[in-house]
Amino acid sequence: MSYQYDLFVIGAGSGGVRASRVAASKGYKVAVAEGSALGGTCVNVGCVPKKLFVYGSEYGHGFDEAAGFGWSHKGVKFNWSVLRDNKNKEIERLNGIYGNLLGNAGVELISGYASFVDEHTVMVDGKTYTAERILIAVGAKPFIPEFNGSDLVVSSNEMFFLEELPKKALVVGGGYIAVEFAGILNGLGVETSLAYRGDQLLRGFDQDVRDFASEEYSKSGIDVRLNTDVESIELADAANPNGVRVVHFKGGHAEEFGLILYATGRVPNVASLALDKAGIKTGKNGAVIIDNNFTTSAKSVFALGDVTDNIQLTPVAIKEAMALIAYWFDGKEVDFDYDNIPTAVFSQPAIGTVGLTEQEAEKRGLDFRVYQTDFRPMKHTLSGGTSRSLMKLLVNNTDDKVIGAHMVGDYSGEIIQGLGIAIKAGATKADFDDTVGVHPTSAEEFVTFSAASLKKK
């Protein structure tokens, strides 16, 4: 059977763009359908603008810390609209770059949201397109539970375009998006509370990291409220829909906030895809079910990235796209290692992690040892700040290989990237010990761990 395209990609996010560009560069006829801005969540309402906001918010603490180094900063003030609008300009620039990348690769860009007609056919704005292969790369979207007053909250999407900053804000959630935005708001001078219904933030991270980070968030000025859940929300003044919200917490307490952000997870963005028409099976939260080679229950349809609800990270989607292209066109079976993926949480302080947590290593029944330290960074000997950093290394006793590294503190994301290479390459604790440290840095702690740093189980 003859098709219009060799590959039709639904979604021009990080994974979809990479797959389409590489496929087109190999001489295949490729089209991408995107109904929103190019670049997906990461470029438009995710990691890129969020990191820009983190940079902006860090100056709030930096000005305070500068006094110990001799800097006077009287009269300093923050203008939200400048940060927001400069961010918008940068995202527009990146959108243009993504468009050029697709165009230069020979990918046809179709503007609009696609839905399935059958396993080889999709429809965009009433027009049908056929393809030998179809790739679903539509990502995920914020999830807000329904309750009385849920229409009065915002998601992370809206946070990037606020008309003005509130004087007081409530962030609801305990994951990385919640702690990152709590840090952003706090750094920008907003009185910020972080409410989570569980007994500890950052589920899935190493327990020592969770405990340490939570304490540091509180020290930075965030009002961390654990075991706290929202009952309902209402307007303080019904005649002013943009005004103050009254939050009624379970337990009877009520409090007013100018903004309420719900960062309570993300779900696969599949509602408008009509997956059933192509016989595509879904699982929890609507996630597209795939096998080890990213193939769905419809053999001509594939999926990768956040829509599969696996590991929701941009670099993972890009690597999955490359693995899928190699499988299609080079016959290489996918062998994706999801164990040793370096990742960072750009909270304040930041978190960097790669490999196994102590709890995961225990569940796997491994014989391992843990090196751990926390300390006051050199910077704060003059700044007067009370922030501390945590570093942790897990080593397999069987072969001396480092199987996990975790850090809370400045530059964690930058530091953990290098450790990710070492752990991926199979470095041993002896290799770490034989490496000369860069002095004076926090990073050198990872190559100077001694028996004195061993954690007692």
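Position 1 is the first residue of the sequence; numbering continues from there.
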- E445 (side chain) donor-acceptor with S442 (main chain) under 3.5 angstrom: no

- Query: Hey, what do you get for CE (M391) to OG (S412), rounding to the nearest 0.5 Å?
  - Reply: 7.0 Å

Side-chain donor-acceptor contacts of residues 420-428 below 3.5 Å, not counting sequence neighbours, with atom names and distances?
residue	atom	partner	partner atom	Å
K424	NZ	D337	OD2	3.2
T428	OG1	A430	N	3.4
T428	OG1	D431	N	3.1
T428	OG1	D431	OD2	3.1

- So, do L135 and L324 sit near enough that their side-chain heavy atoms are less than 4.5 Å apart? yes

- Give the C-alpha distance, both sets of side-chain angles, the deciding distance and a yes or no for side-chain contact (heavy atoms from CB on, under 4.5 Å) between V17 and V32. CA-CA 8 Å; V17 167; V32 175; 5.9 Å; no

- The single option from S57, S387, S220 that satisfies side-chain hydrogen bond (donor to acceptor under 3.5 Å, both in side chains) with Q348 is S57

- Closest heavy-atom pair, A195 versus L170, reported as atoms and distance to 0.1 Å, is CB-CD1, 3.9 Å

- Are the ring centres of F205 and Y176 closer than 6.0 Å? no

- Query: Are R388 and K219 close enough that some pair of their side-chain heavy atoms sits under 4.5 Å apart?
  - Reply: yes

- Spacing of Y98 atom OH and L38 atom CG [to the nearest 0.5 Å]: 9.5 Å

- H61 NE2 to E58 CD distance, which is reported to the nearest 0.5 Å: 8.0 Å

- Task: Go through the steps to decide whether F147 and Y262 satisfy the test ring-ring contact (aromatic ring centres under 6.0 Å, His included), and finish with yes or no.
- Result: CA-CA 12 Å; F147 59 91; Y262 258 68; 5.3 Å; yes

- Message: Can you list everything that forms a side chain to side chain donor-acceptor pair (under 3.5 Å) with N95? Sequence neighbours excluded, please.
- Response: N44

- Message: Within this structure, what is the CG-CG distance for the pair L313 and D306, rounded to the nearest 0.5 Å?
- Response: 8.0 Å

- Task: Determine, step by step, whether L83 and N79 satisfy the side-chain contact (heavy atoms from CB on, under 4.5 Å) criterion, reporting the C-alpha distance in whole Å, the side-chain angles of both residues, the deciding distance to 0.1 Å, and the verdict.
- Result: CA-CA 7 Å; L83 173 60; N79 188 325; over 6 Å; no

- Message: Do V288 and P268 make a side-chain contact, defined as non-hydrogen atoms from C-beta onward lying under 4.5 Å apart?
- Response: no

- Are K87 and E90 ion-paired here, with the side-chain N under 4.0 Å from a carboxylate O? no

- Query: Just by distance, do the side chain of T264 and the backbone of F143 share a donor-acceptor pair under 3.5 Å?
  - Reply: yes

- Message: If you count heavy atoms of other groups shown closer than 6.0 angstrom to CG of D434, is the number above 12?
- Response: yes

- Task: Could you give me the CA-CA distance, side-chain angles and deciding distance for E320 and Y338, then say whether side chain to side chain donor-acceptor pair (under 3.5 Å) is met?
- Result: CA-CA 11 Å; E320 288 178 338; Y338 289 97; 2.6 Å; yes

- Okay, side chain of K319, backbone of F336: is any donor-acceptor separation there less than 3.5 Å? no

- Item | Check against side-chain contact (heavy atoms from CB on, under 4.5 Å), F302 and I290 | CA-CA 7 Å; F302 304 79; I290 57 173; over 6 Å; no

- Message: Once rounded to the nearest 0.5 Å, what's the spacing between atom NE2 of H73 and atom CD of E65?
- Response: 10.0 Å

- Query: With distance as the sole test, does Q359 use its side chain to make a donor-acceptor pair with the main-chain N or O of Q207 at under 3.5 Å?
  - Reply: yes

- Message: Contact between L162 and L259 at the side-chain level, heavy atoms closer than 4.5 Å - yes or no?
- Response: yes

- Task: Could you name each residue pair satisfying disulfide bond (SG atoms under 2.5 Å apart) that touches residues 44-89, not counting sequence neighbours?
- Result: C42-C47

- Query: Heavy-atom count around E158 CD within 6.0 Å, excluding the residue itself: above 12?
  - Reply: yes

- Query: Under 4.5 Å between any side-chain heavy atoms of V171 and I177, yes or no?
  - Reply: no

- Message: I'd like to know if the side chain of S214 and the backbone of D211 have a donor-acceptor N/O pair within less than 3.5 Å.
- Response: no

- Rounded to the nearest 0.5 angstrom, the CG-NZ distance for D85 and K89 is 7.0 Å

- Item | Donor + acceptor pair across side chains of E444, H439 (<3.5 Å) | yes

- Task: Side-chain contact test, heavy atoms from C-beta onward, threshold under 4.5 Å: evaluate it for L235 versus N240 and give yes or no.
- Result: no

- Task: Check the surroundings of atom CZ in F249: do more than 12 heavy atoms from other residues, nucleotides or ligands lie under 6.0 Å from it?
- Result: yes

- Donor-acceptor pair, side chain of R266 and main chain of A140, under 3.5 angstrom: yes

- Message: Quick check against the 3.5 Å criterion: does N396 have a side-chain atom that pairs as donor or acceptor with the backbone of T398?
- Response: yes

- Item | Validation row: F446, I415 side chains within 4.5 angstrom (heavy atoms) | yes

- Message: Going by side chain to side chain donor-acceptor pair (under 3.5 Å), name the residues that satisfy it together with N86, two or more places apart in sequence or in a different chain.
- Response: none

- Ignoring hydrogens and angles, tell me if any N or O in the side chain of R84 forms a donor-acceptor pair with the backbone of F161 under 3.5 Å. no

- Is the shortest heavy-atom distance from the side chain of F181 to the side chain of S156 under 4.5 Å? yes

- Query: Given the rule in the side chain to side chain donor-acceptor pair (under 3.5 Å) test, do S218 and E215 qualify, once you have shown the distances and angles that lead to the verdict?
  - Reply: CA-CA 5 Å; S218 295; E215 182 178 345; over 6 Å; no

- Query: Ring centres of Y55 and F346 under 6.0 Å apart?
  - Reply: no

- Message: Is the ring pair F53/F160 parallel, tilted or perpendicular, if the boundaries are 30 and 60 degrees?
- Response: tilted

- Query: Restricting to pairs with a member in residues 38-53, which pass salt bridge (charged side-chain N to carboxylate O under 4.0 Å, His left out), not counting sequence neighbours?
  - Reply: K50-E180

- Note on the structure: Partner of V247 under side-chain contact (heavy atoms from CB on, under 4.5 Å), picked from I233, V153, V172, L152, is I233

- Message: For D374, is there an ion pair with K392 - N to carboxylate O distance below 4.0 angstrom?
- Response: no

- Item | Candidate pair T357 and D206, rule side chain to side chain donor-acceptor pair (under 3.5 Å), full reasoning | CA-CA 5 Å; T357 67; D206 186 272; 4.8 Å; no

- Counting only N and O atoms by type, is there a donor-acceptor contact under 3.5 Å from the side chain of T228 to the main-chain atoms of L226? yes

- Task: Evaluate side-chain contact (heavy atoms from CB on, under 4.5 Å) for D400 paired with R369, printing each intermediate quantity in order.
- Result: CA-CA 9 Å; D400 199 44; R369 62 190 187 276; 2.7 Å; yes

- Are Y371 and F432 close enough that their ring centres sit under 6.0 Å apart? no

- Task: Go through the structure and list residues passing salt bridge (charged side-chain N to carboxylate O under 4.0 Å, His left out) with E255, not counting sequence neighbours.
- Result: K168, R225

- Using modelled atom types only, decide if a donor and an acceptor are shared between the side chain of R203 and the backbone of L201 within a distance under 3.5 Å. no

- For residues E358 and H406, is any side-chain donor paired with an opposing acceptor at under 3.5 Å? no

